[in-house]
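For reference, the structure discussed in these notes is given below.
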Amino acid sequence: MGVKIGDLVTAVEIEIKDLSGKKIAIDAFNTMYQFLSKIRQPDGSPLMTSKGEITSVHSGILYRTANLLEDGIIPVYVFDGEPPEFKRETVEKRREERDEAKKKWEEALKMGDLESAQKYAQAALLLTEEMIEDAKKILKLMGVPVVQAPSEGEAQAAHMARKGDVFAAASQDYDSLLFGSPRLVRNLTITGKRKLPGKDVYVENPPEIIELERTLSDLGITREQLIIIGIIVGTDYNPDGIKGYGPKRALEVAKKCKKPEDITRFVEWSFDISPVDLYNFFLNPPVTDSYNVDLSPPDKEGLIRFMVDEHEFSEDRVRKVAERVEESFKRASYKGLEAWF
DNA sequence: CAACCGGA
DNA sequence: TCCGGTTGG
C-alpha cells in the first residue's frame with residue numbers, strides 16, 4: 001500500500017527507452033504483488049499448474065524481466081527482509097483482509113458474478129515463501145542480480161540509488177522517496193496499459209519518473225519535512241494516518257515543523273509507535289552494502305528446465321524468452337551499456 | 001501482465 | 001503492421 005503522498009509528487013512521463021543503459025533497483029515484493037493480482041483469468045483465478053500451484057508470479061517475472069533486458073535496462077531486484085517490529089500490526093491486518101476477500105471471491109463465484117469475483121480475487125492471495133524463492137531462482141537463472149535487504153526493500157533500493165549504484169528505485173509505492181531515493185520510477189511496464197477498476201475500460205498508464213529534489217523544491221520543503229507529511233497522511237506503519245489530515249493539510253503542518261518532535265504540537269498522535277521513532281526509521285533505515293548489481297551469464301537450459309519441468313510452462317515460449325535473455329546479455333557485455341544501440 | 005492469434 | 005480478443009499455467 002505504501003505512503004499516501006501521490007498527490008504531492010511531481011511525476012514526469014518517460015518512455016521505457018529513456019532508461020536504456022541504466023540499472024534500476026526494483027521493489028521485488030511490490031512487483032510480485034502486481035503480478036499476483038493482475039495475472040488472472042476472467043473469473044479471477046490465477047495461472048496455476050495442474051497441481052494447483054499458482055504461477056502468476058513466475059510468468060510476470062519471466063516476461064517482464066526479459067523485456068527490460070531487451071530494452072537495455074539492468075533490473076536489480078531487491079527483496080524485503082525482516083519487517084520492523086512495529087509493522088506487525090499492519091501485516092496481520094492485511095492477512096485478515098485477504099481472508100475476507102477470499103470468502104467474498106468464493107461467494108461471487110457461486111452467484112456467477114464475474115465482475116465481483118475478479119475484484120475480490122485480486123485482493124485474496126498472499127505471496128508465499130515458495131513464490132518468493134521461485135522468483136529469486138528464476139532471476140538467478142536469467143543472470144539478473146538479486147539483492148536481499150536486511151529490512152524494507154524500498155529502503156535498500158533507496159540506499160543503492162543514493163550511492164549511485166543504480167539510477168533509480170522502481171515501485172508503485174512512494175516510500176523510497178521518504179527513504180531518500182533521488183529518483184523513483186513508476187509504471188515500469190511494457191504495455192503501459194491499465195484496467196480501470198470495476199470498468200471495462202483501459203487507460204494508458206505510461207512509465208513516469210519522480211525526482212526527489214524536484215518534488216521537494218516544488219513543495220518548498222526538505223526531505224525531513226516530506227517524511228513528516230508521510231507519517232501524518234499514513235504509511236505502512238500507521239496505515240490510517242492522522243484523522244482529518246490529507247496531503248494538503250499535512251503539507252501545511254510539515255512546513256511549520258522544524259524537527260519531528262514538533263509534530264505532536266500540531267496533530268493528535270495516537271499510534272503505538274512514536275512519531276519520532278517512525279521519522280528516524282525513514283531517515284535512517286537498516287540497509288546493507290553487501291550486494292551486487294551486475295548481470296551474470298544466464299543459464300538458458302536451466303531456466304527452460306525449471307519453468308517447463310517444474311512449473312508446466314510451454315517449452316516453446318520459455319525457449320524463446322531464454323534466447324532473448326542470452327542475446328541481451330551478449331549485447332550488454334560486448335558493447336557495454338553505454339552503446340546499446 | 002504479457003504473449004499469441006487471427007482479421008483488417 | 002496494427003489492433004482487439006483470447007490464452008497462458
Side-chain angles (χ1 to χ4, degrees), chain A residues 14-17 19 24 26-73 75 77 105 109 114-115 117-128 130-135 137-139 141-142 144 170-173 185-208 298 300 303-328:
Chain A
I14 58 168
E15 289 184 30
I16 213 83
K17 301 280 177 211
L19 300 175
I24 308 288
I26 298 179
D27 177 354
F29 273 44
N30 185 269
T31 302
M32 289 188 292
Y33 265 117
Q34 309 285 114
F35 293 145
L36 191 58
S37 71
K38 300 259 170 71
I39 303 183
R40 300 297 178 109
Q41 299 301 97
D43 69 347
S45 60
L47 296 189
M48 286 183 285
T49 65
S50 56
K51 284 156 263 161
E53 178 218 22
I54 294 166
T55 51
S56 294
V57 168
H58 305 65
S59 178
I61 289 281
L62 178 72
Y63 294 117
R64 166 83 57 86
T65 307
N67 286 331
L68 293 175
L69 290 169
E70 198 155 52
D71 284 325
I73 297 167
Y77 284 85
W105 176 20
L109 271 184
L114 288 191
E115 194 80 37
Q118 175 75 247
K119 188 177 79 178
Y120 292 122
Q122 287 201 4
L125 292 177
L126 209 53
L127 274 186
T128 65
E130 194 168 7
M131 293 178 202
I132 295 162
E133 290 314 307
D134 283 356
K137 178 146 188 196
I138 293 166
L139 292 167
L141 289 166
M142 295 177 87
V144 168
S171 177
Q172 293 307 99
D173 291 342
V185 174
R186 299 184 70 247
N187 308 332
L188 186 61
T189 60
I190 308 312
T191 60
K193 287 194 174 171
R194 174 174 63 95
K195 191 176 181 297
L196 247 39
K199 297 182 187 163
D200 283 331
V201 182
Y202 285 82
V203 292
E204 292 297 327
N205 197 203
E208 61 186 29
K300 184 167 127 189
L303 179 64
I304 294 168
R305 296 280 53 99
F306 185 64
M307 300 307 285
V308 175
D309 298 346
E310 297 193 39
H311 301 289
E312 300 179 7
F313 277 59
S314 139
E315 172 145 6
D316 284 354
R317 284 189 180 213
V318 180
R319 192 167 288 280
K320 201 178 290 182
V321 177
E323 265 152 24
R324 285 166 55 209
V325 172
E326 199 164 59
E327 211 49 48
S328 301

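The structure displayed is predicted, hence computed values, not measured ones. Residue numbers start from 1 in every chain, and the chains themselves are labelled A, B, ... in the order their sequence lines are given, proteins ahead of strands. For the numbers below, each heavy atom of this structure counts, side chains included, while hydrogens, waters and symmetry mates do not.
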TODO: Have a look at A:Asp71 and tell me which of A:Arg64, A:Arg324, A:Lys17 forms a salt bridge (Lys or Arg N to Asp or Glu O under 4.0 Å) with it.
DONE: A:Lys17
Given atom [atom1] of [X] and atom [atom2] of [N], what is their separation to the nearest angstrom?
{"X": "A:Arg324", "N": "B:dA2", "atom1": "CZ", "atom2": "P", "value": "11 Å"}
{"X": "A:Ile39", "N": "B:dC1", "atom1": "CD1", "atom2": "C1'", "value": "4 Å"}
{"X": "A:Gln122", "N": "B:dC1", "atom1": "CD", "atom2": "P", "value": "9 Å"}
{"X": "A:Lys320", "N": "B:dA3", "atom1": "NZ", "atom2": "P", "value": "10 Å"}
{"X": "A:Glu315", "N": "C:dG8", "atom1": "CD", "atom2": "C1'", "value": "16 Å"}
{"X": "A:Asp43", "N": "C:dT7", "atom1": "CG", "atom2": "P", "value": "13 Å"}

Open item on the list: So, OP1 or OP2 of B:dC1: does either fall under 4.0 Å of a side-chain N or O from A:Asn205?
Closed with: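 The answer is no; no side-chain N or O of A:Asn205 sits under 4.0 Å from OP1 or OP2.
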Open item on the list: Can you see if the side chain of A:Arg317 gets near the phosphate of C:dG8 - specifically, an N or O under 4.0 Å from OP1 or OP2?
Closed with: no
TODO: Quick one: which residue pairs count as a ring pair (Phe, Tyr, Trp, His ring centres under 6.0 Å) with a foot in residues 27-48 of chain A, not counting sequence neighbours?
DONE: none
Nearest to the [X] side chain among [options], which nucleotide is it?
{"X": "A:Thr189", "options": "B:dA2, C:dG9, B:dA3", "result": "B:dA2"}
{"X": "A:Asn67", "options": "B:dC1, C:dG9, B:dA2", "result": "B:dA2"}
{"X": "A:Met48", "options": "C:dG9, B:dA2, B:dC4", "result": "C:dG9"}

Open item on the list: Under 4.0 Å between a side-chain nitrogen and a carboxylate oxygen: does that hold for A:Lys320 and A:Glu315?
Closed with: no
- [ ] With rounding to the nearest 0.5 Å, note down the distance linking NE2 in A:His311 to OG in A:Ser59.
- [x] 12.0 Å
